[in-house]
S.K.: 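One structure follows; several queries about it will come next.
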Amino acid sequence: MSRHLYKYLREEVFPTPFCPGCGHGILLQAILRAIDELSTSGHLDFTKMVFVSGIGCGAWIPSPHFKADTLHTLHGRAIAYATGVCLTRPDLKVVVISGDGDLAAIGGNHLIHAARRNLPLVVICANNSIYGMTGGQVSPTTPEGCLTETTPFGNEERPFDLCRLVKSCEADYVSRWTVFHTKPLIKAIVKALTSKGFSFIDVISPCVTQFGRRNRLFSIYDYFQEIKKVVISYEKAKVMGKGDLKGKIIIGEYD
Amino acid sequence: MPERIEKALLSPQRYFLAGNIACAEGALAAGCRFYAGYPITPSSEIMEHMAKRLKEVGGFFIQMEDEIGSISACIGASWSGVKAMTATSGPGFSLMLEGIGYALMTETPIVIVNIQRQGPATGQATRPGQGDIMQARWGAHGDYRIIALSPWSVQEMYDLTILAFNLSERYRVPVILLGDEVIGHLKETLLVKPEVVIFDRNKEKGKPPFGGELIPPMPAFGEGEALLVTGSTHNEWGVRKVYHPEVQDRLNRRLCEKIDKNRGEIIRFETYFTEDCDICLIAFGITARSSYYAVDSLRKEGIKVGLFRPITIWPFPEEELKKIPARKILVCEMNCGQLINEVQRILPGKEILGLFKTKGEAIYPWEVMKKIEEIL
């Protein structure tokens, strides 16, 4: 972590609770870099930001790390709490950071309704395709065939494509990146923070401990190699057939 | 003192209103400027009235996707420094309980109105009930104390809603207004006084918002306090301390103590002819209206009956009830017997009888009178 970002952090909470190889630390830094870029150019005031999160590893990114107003809420309800904050305090920038289980399973209803309302919220999904904190159960974004604690014979369900889901609700800004694409990810967060309506960023983040261990991705290096293989840009994906896109991760801005 | 006297929103005069409308007006008079809700019979009129009136007074209204979203949005709004309320009925109240638990743990002032109907489940959606008393007390998980108020008239729907906000702000606790369908839909005279006593939360900055004193101050978001708010076990600055037994113990004890130690100021009740009664009726809400009428009629016949009406169902006015000299106690309620358990606990050794009705209609005065004549 860059020294100049320490001012945004509560140093007393370190070391972070994230496992070795977890992508959430990179995402944490990417968010802070985006915030730093905007605050140094005077477009954003960190003291006028509220970070809302639900339950899980992803929810621990802002709470308690960020030295700002943070609301660590019930499982799945982060967006609903944020709705109350952003409606009553339009002067504050409200950012929801949570995991895929929190935002898309238990909180799926709040996600689509907030997108439909086009509330002035930034929602960042730390998507590791698994329930990390509760011990590695299947999540709504676990790819088909993957092994988890509750799918010991491989996941038989189709996963959610969260970006397409949110885009279908006509949200203002939707994009997907992985934590290995840090530069475009930071740019995307900057864009989300400066857009007026509902912004959603799906961030693919590796979970070596829970997802990797069960699916033959034993280190962050293995993870990186795997993601390199399956990732494809939104522009390229447009001209490809449905069959070719099976198992691919489409990154980029959704229009 | 953060207590202040404000001019009433409505012009001071007599109105002819339904209880639900009086409740909404009471909330506005108390300073409520945020409402998030989900439609449910028989409470929907509160939301419909708020949708219109909040616009007029510069507040915020949203119809959320469900009850869980509603209470969550209210808690978010409350931490943003705005007084917030939601209203529902039994099934919606069940959904809100996890959120009420969160509000208790994070000491967030909010008001939850529960216009009770007959259940369980969908039950009789348009009929009155009083079956959520224990749900209000023990519904959320964990160990806690809560405040629940029970209005018996349209006037009290207005007055107690204001009181609910004041208690909620003063003690930083969610307050439940336990009405019922009859009170919600009953139309009668409401007298609006020219002034309202309002309590605003203590916002003192730089002090720990979750401890240090019995009722710590509560700053809002965006005031530069870098607030850490979490439903997990936390220390006085809001820092998660989930592996510290003594932190959990201290926090949990304080959450209970702030209500226990202030019982004297919270508890409200009414008595009617209880000084010399042989039989004392215990009733609340619309049931107390029928009981009141029954006491009146029986007294004319020379039968010594009295009425004890708890206004704060929780905390229950225990000490005050113990002072009543009656030989027999008759608890009247629109359920199969919930409050009677509490009364039996408070008055061991006394003869305690119950008049329970779950037909989805109010207990009629003649039913109370008949029961009293039976047990005399």
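Every value quoted in this text rests on a predicted model; they were computed, and no experiment measured them. Chain A is the first sequence line, chain B the second, and so forth, proteins listed ahead of strands; every chain is numbered from 1. Values reported hereafter were calculated over all heavy atoms of this structure, with side chains retained and with hydrogens, waters and symmetry mates removed.
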S.K.: Is it the case that atom NZ in A:Lys187 sees more than 12 heavy atoms from other parts of the structure closer than 6.0 Å?
M.R.: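 Result for NZ/A:Lys187: open.
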S.K.: Return the option, out of A:Val13, A:Val52, A:Leu87, with the maximum number of heavy-atom pairs under 4.5 Å with chain B.
M.R.: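 Option with the greatest count: A:Leu87.
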S.K.: Inspect the surroundings of OH in B:Tyr38 and state if more than 12 heavy atoms from other residues, nucleotides or ligands are less than 6.0 Å away.
M.R.: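 No, because the 6.0 Å sphere around OH of B:Tyr38 holds 12 heavy atoms or fewer from other groups.
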S.K.: Measure across B:Phe34 and A:Gly84 and return the closest heavy-atom pair with its distance rounded to 0.1 Å.
M.R.: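 Answer, listing the atom of B:Phe34 first, then A:Gly84: CZ-CA, 4.0 Å.
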S.K.: Any side-chain to backbone donor/acceptor pair from A:Arg89 onto B:Ser80? Under 3.5 Å, distance only.
M.R.: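 Side chain of A:Arg89 to backbone of B:Ser80, a donor-acceptor pair under 3.5 Å: yes, one is there.
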S.K.: Heavy-atom distances under 4.5 Å only: say whether A:Leu74 touches chain B with side chain, backbone, both or neither.
M.R.: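 Contact with chain B involves both backbone and side-chain atoms of A:Leu74.
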S.K.: With a sphere of 6.0 Å drawn around CD of A:Glu157, does it hold more than 12 non-hydrogen atoms of other residues, nucleotides or ligands?
M.R.: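 Count not over threshold, so no.
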S.K.: Between A:Thr47, A:Thr83, A:Thr73, which shows the greatest number of heavy-atom pairs under 4.5 Å with chain B?
M.R.: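 The candidate making the most pairs under 4.5 Å is A:Thr73.
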S.K.: Side-chain contact test, heavy atoms from C-beta onward, threshold under 4.5 Å: evaluate it for B:Trp79 versus A:Val50 and give yes or no.
M.R.: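 Counting from C-beta outward, B:Trp79 and A:Val50 never come under 4.5 Å.
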S.K.: More than 12 heavy atoms of other residues, nucleotides or ligands under 6.0 Å from NE2 of A:His43: yes or no?
M.R.: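 For A:His43, atom NE2 is not crowded (no more than 12 foreign heavy atoms under 6.0 Å).
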S.K.: Taking heavy atoms only and a threshold strictly under 4.5 Å, list by residue number the residues of residues 102-110 of chain B that touch chain A; give 'none' if the list is empty.
M.R.: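 Against chain A, the residues of residues 102-110 of chain B that fall inside the cut-off (heavy atoms, under 4.5 Å) are B:Tyr102.
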S.K.: Heavy atoms under 4.5 Å from chain A: which residues of residues 235-254 of chain B carry them?
M.R.: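 Contacts with chain A: B:Arg240.
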S.K.: Once salt bridge (Lys or Arg N to Asp or Glu O under 4.0 Å) is applied, what residue pairs with a partner in residues 107-125 of chain A remain, sequence neighbours excluded?
M.R.: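 Matches after skipping sequence neighbours: A:Arg117-B:Glu65.
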S.K.: Does atom CZ of A:Phe160 have more than 12 heavy-atom neighbours, drawn from other residues, nucleotides or ligands, at distances under 6.0 Å?
M.R.: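 Not more than 12 within 6.0 Å, no.
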S.K.: Is it the side chain or the backbone of B:Ile62 that comes within 4.5 Å of chain A heavy atoms, both, or neither?
M.R.: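 The side chain, not the backbone.
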S.K.: Under 4.5 Å, counting heavy-atom pairs only, tell me which of A:Phe66, A:Phe46, A:Trp60 racks up the most with chain B.
M.R.: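 Looking at each option in turn, the highest pair count goes to A:Trp60.
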S.K.: Mind listing the closest non-hydrogen atom pair of B:Glu223 and A:Asp69 along with its distance?
M.R.: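 What the structure gives for the nearest pair is N-OD2, 4.3 Å.
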S.K.: Should we count NZ of B:Lys55 as having more than 12 external heavy atoms under 6.0 Å?
M.R.: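 It does not: B:Lys55 NZ has 12 such atoms or fewer within range.
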S.K.: When only pairs under 4.5 Å are counted, which of A:Thr70, A:Val94, A:Asn109 shares the most heavy-atom pairs with chain B?
M.R.: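 Sorted descending by pairs with chain B, the first entry is A:Thr70.
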S.K.: Of all the heavy-atom pairs spanning A:His110 and B:Gly69, show the shortest one and how long it is.
M.R.: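 Scanning both residues, the minimum pair turns out to be CE1-CA, 3.6 Å.
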S.K.: Taking only residues two or more places apart in sequence, or in another chain, which ones meet A:Glu149 in a salt bridge (Lys or Arg N to Asp or Glu O under 4.0 Å)?
M.R.: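 Salt bridge (Lys or Arg N to Asp or Glu O under 4.0 Å) list for A:Glu149, sorted by chain: A:Arg214.
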S.K.: Under a 4.5 Å cut-off applied to non-hydrogen side-chain atoms, are A:His72 and B:Leu228 in contact?
M.R.: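 In short, these two side chains do not touch, never coming nearer than 4.5 Å.
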